[in-house]
Every structure is written in C-alpha cells, then in structure tokens.
Amino acid sequence: LLHRLRDDARRRMLRHKQQARVHTFDDQIDRVADALDGEHGDALAARLRGQYRIALVDEFQDTDPRQWLIFNRVFGANSPEPALFLIGDPKQSIYRFRGGDVHTYLAASGTAREAPALGGNFRSRPAGLRGVDALYQQALEAHEKDEQGVDPPFIDGRIRFQTVQPGGSRSDDEYLRSGTPAPAITLWRAPAPTESYKNGNPKPHSSPYSRELATGACVAAIH
C-alpha cells in the first residue's frame with residue numbers, strides 16, 4: 001500500500017508541475033540525464049561539447065550519481081575527447097546533500113587521472129594544522145596496529161588524510177591568550193555512559209542525548 005501511495009504521489013506531483021509549467025533543480029538534472037540516455041543522446045552530447053570545451057566541477061564530493069552520469073557522458077572518459085576536471089575532498093562531504101553521495105566521488109576518482117593535491121593551507125594557523133595532523137595520524141596508526149575496535153579515521157580506507165603545510169599567511173601569535181599563542185585544538189570528552197548491555201559492555205549514549213551533551217558543552221565554553 002505504501003509503495004502504491006508513493007508511486008501515485010509521484011505521478012500527481014509530475015502532473016501538477018507540468019500543468020504549472022515549473023521545474024525543480026532535480027527535474028532539470030533528471031531531464032538531461034534521461035535525454036543523454038535516449039535515442040538523441042549522442043547529438044545532445046555533441047551539441048554540449050560544441051558549446052563548452054571544458055567542464056570543471058568544484059566541490060565534487062557532493063555530486064550525486066545522476067550529475068556524474070551527465071558530466072562523464074559529455075566530458076569524461078565516455079566522451080570522444082575527455083576534458084573534465086574534478087576538484088573535491090571526500091572528507092568535506094556533506095552526506096546526502098541534495099542526493100550527494102561520497103561513493104560517487106570514490107567511484108569517479110577511481111577512473112580519473114590524479115592531479116597534484118593542494119598541499120598548502122593559507123587560512124589556518126600552523127598550530128591548528130599540526131593539531132589536526134596529530135589527531136588523525138594517531139587514529140591511523142592505532143588502526144594500522146590493529147588495535148581492538150579502532151576503525152580507519154574516515155571508516156572507508158579509500159579516504160585518506162593528507163598532511164598539508166602552512167601557506168605562510170598565518171602565524172600562531174595572531175591569536176593570543178594571556179600573552180601567549182592560544183591552544184589550536186581543545187578536545188572535550190563527554191561523561192562516560194552509565195548504562196550497560198546485558199553482556200556488561202557499556203551502552204553508548206543515544207543520539208539525542210549526545211547532541212544535548214555537546215550543546216551544553218558548547219554553551220558553557222562560549223559563556
């Protein structure tokens with residue numbers, strides 16, 4: 001019943017948009033993807049290639065599978081003259097952002113020729129970069145030593161942490177506390193869970209309670 005209701009709602013919404021002569025962003029993506037997959041797909045791809053010589057996709061980690069199908073079909077490896085440049089970082093993925101899927105990024109990066117990485121950070125203080133690097137290197141080393149229960153820092157082993165160097169435009173003494181450079185990173189640890197499973201292992205905090213604890217800690221720090 002729920003599936004039938006969903007399908008009926010989709011048909012009604014499609015009819016309503018046609019009558020109102022409106023398109024959503026998702027509709028535009030779907031129309032182009034369907035057209036490229038249709039009988040006139042080659043002609044459409046050729047027209048787009050004639051209009052745009054090169055395609056550059058920034059923040060590619062938030063690209064959804066349909067968008068990737070379009071760009072790959074017209075400008076990527078599936079085109080006569082590949083001219084597609086992708087810029088992205090899977091660690092910055094806003095998961096499910098407008099259907100964005102980090103697995104699309106990983107699949108695309110597996111077919112692309114890797115360009116030099118951006119190795120300089122021009123925004124952060126050097127101490128901040130050192131702190132973040134130490135945090136993830138520690139997690140990576142613990143995982144590689146096969147310590148019990150330690151996952152890779154980003155769960156999927158294909159997502160790696162790359163050390164970057166200070167860009168030279170920021171210094172640690174730009175932010176002082178009591179006359180000395182302020183700490184770059186402060187870690188706060190939530191109180192340990194008090195409930196346990198039947199086997200005696202601690203039961204993690206629920207998501208709502210975890211958010212409540214984190215919110216309280218942020219309010220206290222700001223105050």
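Computation of the quantities below employed the complete heavy-atom set of this structure, encompassing side-chain atoms and omitting hydrogens, waters and symmetry-equivalent molecules.
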Look at the side chain of [X] and the backbone N and O of [Y], then say whether any donor-acceptor pair between them is shorter than 3.5 Å.
X      : Y      : value
Asp133 : Thr163 : no
Gln61  : Gly88  : no
Asp27  : Thr24  : yes
Ser169 : Phe122 : yes
Arg125 : Ala182 : yes
His205 : Pro191 : yes

With a 4.5 Å cut-off on side-chain heavy-atom distances among I, L, V, M, F, W and Y, is there a chain of contacts connecting [X] to [Y]?
X      : Y      : value
Trp188 : Tyr209 : yes
Leu69  : Leu48  : no
Tyr52  : Leu86  : yes
Phe75  : Ile87  : no
Leu129 : Tyr136 : no

**Study point:** Trace of the salt bridge (charged side-chain N to carboxylate O under 4.0 Å, His left out) decision for Arg158 with Asp156
**Key:** CA-CA 5 Å; Arg158 292 172 295 175; Asp156 192 312; 2.9 Å; yes
Taking the side chain as every heavy atom from C-beta outward, state whether [X] and [Y] have any pair of such atoms under 4.5 Å apart.
X      : Y      : answer
Ile185 : Val132 : yes
Pro181 : Leu176 : yes
Pro204 : Tyr197 : yes
Val74  : Leu44  : no
Pro153 : Phe161 : no
Arg15  : Gln19  : yes

Roughly how far, to the nearest 0.5 Å, is the [atom2] atom of [Y] from the [atom1] atom of [X]?
X      : Y      : atom1 : atom2 : answer
Arg160 : Leu140 : CZ    : CG    : 5.0 Å
Leu56  : Phe71  : CG    : CZ    : 9.5 Å
Thr111 : Leu84  : OG1   : CG    : 9.0 Å
Met13  : Arg10  : CE    : CZ    : 11.5 Å
Gln67  : Asp30  : CD    : CG    : 10.0 Å
Asp34  : Ile70  : CG    : CD1   : 9.0 Å

Practice item. May I ask you to check whether Trp68 and Phe60 place their ring centres under 6.0 Å from each other? Key: yes
More than 12 heavy atoms of other residues, nucleotides or ligands under 6.0 Å from [atom1] of [X]: yes or no?
X      : atom1 : answer
Glu81  : CD    : no
Gln18  : CD    : yes
Arg6   : CZ    : yes
Lys17  : NZ    : yes
Gln138 : CD    : no

Measure across [X] and [Y] and return the closest heavy-atom pair with its distance rounded to 0.1 Å.
X      : Y      : answer
Ala127 : Asp172 : N-OD1, 2.8 Å
Ser124 : Arg170 : O-CB, 3.5 Å
Gln162 : Gly119 : NE2-CA, 4.3 Å

Practice item. Give the intermediate values and the outcome of side chain to side chain contact (heavy atoms under 4.5 Å, CB included) for residues Ile29 and Asp64. Key: CA-CA 10 Å; Ile29 294 170; Asp64 65 51; 4.2 Å; yes
Check your understanding: Going by distance alone, is a donor N or O of one side chain under 3.5 Å from an acceptor N or O of the other, for Asp173 and Ser171?
Key -> yes
Point to revise | Pair Arg4 + Asp8: basic N to acidic O under 4.0 Å | key: no
Point to revise | Cationic N near anionic O, under 4.0 Å, Arg49 to Asp42 | key: no
